[in-house]
Enquirer: 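My questions will all concern the structure given below.
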Amino acid sequence: MDVNETLSSYSDWCYGIAVGAYVVAMLFYLYEQAFGYRERRAAKELVAVGAGDTLVAEPADDSDGFDDSDDPDSRSRTARAVRIGKLAVSLTTFGALLHFGSLVLRALATSRAPWGNMYEFGATLCLVAVGTWLVVLRKYPTVRHLGVWVLLPVIVLMFLGGVVLYTTAAPVQPALQSYWLVIHVFAIALGSGMVLVPGVVSVLYLLKVRKPEWATRLPAADVLDQVAYRTTVFAFPIYTAGVIFGAIWAEQSWGRFWGWDPKETVAFIAWVVYAAYLHSRATAGWRGGRAAVINVVGFAAMIFNLFFINLVTAGLHSYAGV
Amino acid sequence: MIALLRNTWRGLTSMRTALVLLFLLAVAALPGALLPQRSLNTQKVDEYIASHGWWGELLGRLEFYNVYGSVWFSAIYLLLFISLVGCLLPRTLEYARALRGKPVLTPRNLSRLPHHHESTTTATPDEVMATATERLKGWRLAVREEENGARSVSAERGYLRETGNLVFHFAMLGLIVALAIGKMFQYEGQVIVAANGSEFCNIGTVGYDSFRPGLRVDGTDLNPFCVKVNGFDAHFLSTGQPDYYRADIEYQSGADLDNGTWRPYTLEVNSPLRTAGDRVYLLSHGYSPTFTVTFPDGQTRTQTIQWRPVDQLTYLSEGATKFDPPGVTDPVERRKRQLAITGLLAPTAVLHNNILTSGFPDLRDPAVAIDVLKGDLGNDSGRGQSIFEVNQEMVESGRLDRVARENLRPGDEITLDDGTKVRFDDVQRWVYLQVSHDPAQGWVLLFAVLVVFGLGMSLVIKRRRLWVRAVPGGDDRADGATVLLLGGLARTDQAGYGEEFGRVTEGLLADLPPREEEREGATASRES
Ligand code: HEM
C-alpha cells in the first residue's frame, strides 16, 4: 500500500485554504455582530409589538426585513452588515467545500477512510461542526452573526490539528484495518462534531441569562435554547451509535466489548452527561440554565476525551497515532 | 416507619433521583480514566502507590485502583437499577391505561393555546366534523357533542413517544442485567504459543499464562477446544510500521475433538476465531532465541524460550533462558552449576560500539547480546519467578555470577572457562493468544441497540394534540355561518409543532367551503 504524495500535498493545501476562508468568514461574522445590532433590536421590538406577543422566534423572512429604521445612514450601515453577514456564510460554505476536498484527497492518497489518526479525526470533526452550523443557519437565520463563536473553536482546533498534531499521510496499523474504522469513527466524528454547535450556543445562552448586560447583542435566550436542544437531539443518537459501534469493534479487535479503557470511560461519561441533558429538559426546575450547564459539561467531556485522553493517558486508542 | 419507607421509595424512584444517580455514575467512573487500574495494568498501580506514599495507599484502600469493581461503584449501579424499576412500574401501568383512553376533552377557550385559528364556513357542524375526521387520519380521535349544538373533535398523536421511552428504560434495565450475568460467567485467558506447530487446549486454567475468571467460574468446565499454531507471518512497511499480522492455525472443537479432525483458520488482528462459544484473538507476537548448551561431559541441552519485546517499534526483546546441568542429582551441587542466558535479542541487528540495538521489527538479521550467568538460579526457593528474568537477589548476593558476555549471530558459539559451550542457533516466533468467553454479550448488544432505538423514538416523536370545534351560527348570527375554531398543543416541546399545525389547518380549510373572504392573519402561532 503506497501513499500518493502529490494528492496528499494537495490535501494539505486545501486544508490550509479552508482554515484561511474560515478566518475571513469569522471576521465578517464579527462585523455583522458589531454593526448589524442596533437595527436588529429595533426591528425585533417592532415585530414584538405588532404581534402583541412576548417573542417571535422566527421572523417570517431573514434579517433583510429590518429596514424600518428612519435614519438612512444607519439603514445603509445595517444593509452593509447584512450583506457582509451573508458573505460570511458564503465564505463558510466555500471553506467547508475545500475542507471536504482535503479529506477526500487524503482518502484517495492513502486508499482508506481519512480518519486513522488524531489529525484526520479532528479535521473530520471540524467539518461536521461547520456543516452543522450551515444547516442550523437555514433553520434559524437570525443567529447568523453568532458564526464568530462557532468558527472560533473550529479554527483553534484546526490550527492545533494542522500544526501540532499533523501526521503525514500513511497506511494504518493492522488493528485499524477494518470496515469498522469507517463506521465507528465516522459516527463518532459526526456526533461529536455536531455537539460543538450546542456546546458553544449553550455558553452564549448562559451568558445571556446570567449576564444580560454583557449579552445585549445575542439572540433571545429561547432561540439559543432551541438551537442547542434541537442540535443535541440529532447528535446524541448518532454519538450513541458510534459508541456502540466502537464496542462491537472492540469485541472483534481487542477481545472484549467494554474494558473501561480511558477513552471508553470518558465516552461513557460524555454519554451520561448528554442523556442527563435530555432528561433535564423534561424535569421541572432543571430546564433553562441548569440544562445549559449540563450541555456545556458534555461538550467539555468531548474535548477532554479528544485531547487529554489521547495525549496524556496511554490507552488502547492511542496507537491510532497522534 | 412505613411512611419513611414509602418516602424513601418515592424519592428513589423519582426522575430527579435517576438523574442524580446517572450523574454520580459518570463522576464515579472518572477516576478510572485518570488513575491506573489493576484490571488494565497491575504494574502501573504498584508504581503509582510506591511514588505517592500514604496517599497512594489510601486510594488503594478506597478501591480507587479497582473503580469498576468497587463497593461504591456497584452501589450506585444497584441504586440506579432500583430507581429504574421503580420508575418503570407506574409508567407501564399509566401507558397501558393511556392506550385505551380517549383524547382529552376540548378546552373551553381554544384561542388561549399556543397554536390556534378561527374562521367561518357555510358547512354545518356535522359536515365540519366529517371533514375533520377525514383529514385527521392517523390521529386518535374523539368526537363530542357540546352545548348549544356545537360539536368538537379532540385529536392526539405521537403515542409512540411513550412507547419509545418505555423501550429505552426497559432496555437499560436489560442491559444492566445482561452485563451482570456476563460478569459472572465470563472468563479471559492469555497464553504464549510457539508458532512451530505447538498446540494449546482450553481445558483448564493451568494451560494459561494468565487467567481472569468471572465470579462464577472456577476453571473446571471450560468449553473444550484446541488450537495448533503452524506459523506466523508479519509484514512491515519500510518505516517499520506493521502492515499485517497473520497466524496460520488449525483448531478442533466439539465432535472434531473425538475424531481428530483439524480445521484451518487464518487468525488476524481483526478476525478472531469463534468456536465452541469462545473467541480466540491474536494479541501480539514476539521472538524466541534457540540456544544449545554443550556441557563439559558432552551432554547437550537445547531450549527455545520466548523473550519479550521491550520496544514495540523495533521489537528489541529481552529474556532469560535457563538450564539445569544434566545428570546432577545433588541439589547443592546443582545450585552451583545452573546456567542462565540473559540479555537482548534484536530481530534486525544494529551495532554501535558493540552495543546491540534493533533497526527493524522484522526478522532480517537477528543477533543477541547475552550475559551467561552461572550458579544458583533460585528456582528451589519455592517462589515462582518470571520466565523473562533471572532472580536479581541471587545476582546481588553473589550466588549467581556472570561468566561471559558476548554478541552472537545465529551459529556463533562461545566456550566458558569450564569448557561448557553455548551456541546461539536461530530465532523462532511465538504468538500471544487470548481466549475470551462471555455468554451474555449478544444480549448486551441487543439491549444496547434497543436503548438507541427507544431513545431515538422518544426524542424524535412528539406527543401533540389538536382540537377542532364547530359552533353553529344560530339566530344571533345574521349570516347563519358556522364558526370554526382550531387549537393545538404539543405536550413536550412546542418546537416544530407550529408547522404541522399550520399544514393541518390549511388542509382542513381547503376542504371546507369558506363563508367570507379568508380572514387573513387569523392564524397565530407561538413557539416556545
Ligand atoms: C467500546 C469501545 C470503543 C469506544 C467507547 C470508543 C470511543 C471512541 C471515541 C469517543 C472516539 C472519539 C475520540 C475523541 O474524541 O478523540 C473514538 C475515536 C476513535 N476510535 Fe474508538 N471506541 C471504541 C473502540 C474502538 C476500537 C476497537 C478501535 C480500533 C481498533 C477504535 C478506533 C478509533 C479511532 C481510530 C478513533 C479516531 C482517532 C482518535 O481519536 O484516536 N475505537 N472512539
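Note on naming: letters A, B, ... go to the chains in the order of the sequence lines (proteins, then strands), and numbering restarts at 1 for each one. Only a predicted model underlies this, so the values are computations on that prediction, with no experimental measurement involved.
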Enquirer: Relative to chain B, which segment of A:F245 carries a heavy atom at a distance below 4.5 Å: side chain, backbone, both, or neither?
Expert: neither
Enquirer: With a 4.5 angstrom heavy-atom cut-off, which part of B:L179 approaches chain A: side chain, backbone, both or neither?
Expert: side chain
Enquirer: With distance as the sole test, does A:T240 use its side chain to make a donor-acceptor pair with the main-chain N or O of B:V452 at under 3.5 Å?
Expert: no
Enquirer: Quick one, A:W254 with B:L283, criterion side-chain contact (heavy atoms from CB on, under 4.5 Å). Give me CA distance, side-chain angles, the key distance, then yes/no.
Expert: CA-CA 8 Å; A:W254 299 335; B:L283 287 192; over 6 Å; no
Enquirer: Check whether A:E251 gets within reach of chain B through its side chain, its backbone, both or neither, counting any heavy atom under 4.5 Å.
Expert: both
Enquirer: Taking atom CZ of A:F234 as the centre, does the number of heavy atoms from other residues, nucleotides or ligands within less than 6.0 Å exceed 12?
Expert: no
Enquirer: Taking side chain as everything from C-beta outward and backbone as N, CA, C, O, which of these in B:V280 sits under 4.5 Å from a heavy atom of chain A? Side chain, backbone, both or neither.
Expert: neither
Enquirer: Kindly state whether the ring of A:W260 and the ring of B:F73 have centres lying under 6.0 angstrom apart.
Expert: yes
Enquirer: Just wondering, are more than 12 heavy atoms of other shown residues or ligands nearer than 6.0 Å to CH2 in B:W443?
Expert: no
Enquirer: Measure the shortest side-chain to side-chain distance between B:N270 and A:Y179 over non-hydrogen atoms and say whether it is less than 4.5 angstrom.
Expert: no
Enquirer: Return the CD to CD1 distance between B:Q441 and A:I248, rounded to the nearest 0.5 Å.
Expert: 10.5 Å
Enquirer: Return the minimal non-hydrogen interatomic distance between B:Y244 and A:P174, and the atom names on each side.
Expert: CA-CG, 4.0 Å
Enquirer: If I take atom CD from residue A:Q252 and atom CZ from residue B:R274, how far apart are they, to the nearest 0.5 angstrom?
Expert: 6.5 Å
Enquirer: If you measure from OH on A:Y274 to CG on B:L455, what distance do you get to the nearest 0.5 Å?
Expert: 14.5 Å
Enquirer: Using 0.5 Å steps for rounding, measure from the CD atom of B:E268 to the CD atom of A:Q177.
Expert: 8.5 Å
Enquirer: Hey, are the side chains of B:L34 and A:T265 touching, using non-hydrogen atoms and a 4.5 Å cut-off?
Expert: no
Enquirer: Give, as side chain, backbone, both or neither, the part of B:F168 having an atom under 4.5 angstrom from any heavy atom of chain A.
Expert: side chain
Enquirer: Output the distance between atom CH2 (A:W258) and atom CG (B:D438), rounded to the nearest 0.5 Å.
Expert: 14.5 Å
Enquirer: Between B:Y281 and chain A, with a heavy-atom cut-off of 4.5 Å, which part of the residue counts as in contact: side chain, backbone, both or neither?
Expert: side chain
Enquirer: Hey, is OH on B:Y77 packed in by over 12 heavy atoms from elsewhere, all under 6.0 Å?
Expert: yes
Enquirer: Mind listing the closest non-hydrogen atom pair of A:I244 and B:A448 along with its distance?
Expert: CD1-O, 3.4 Å
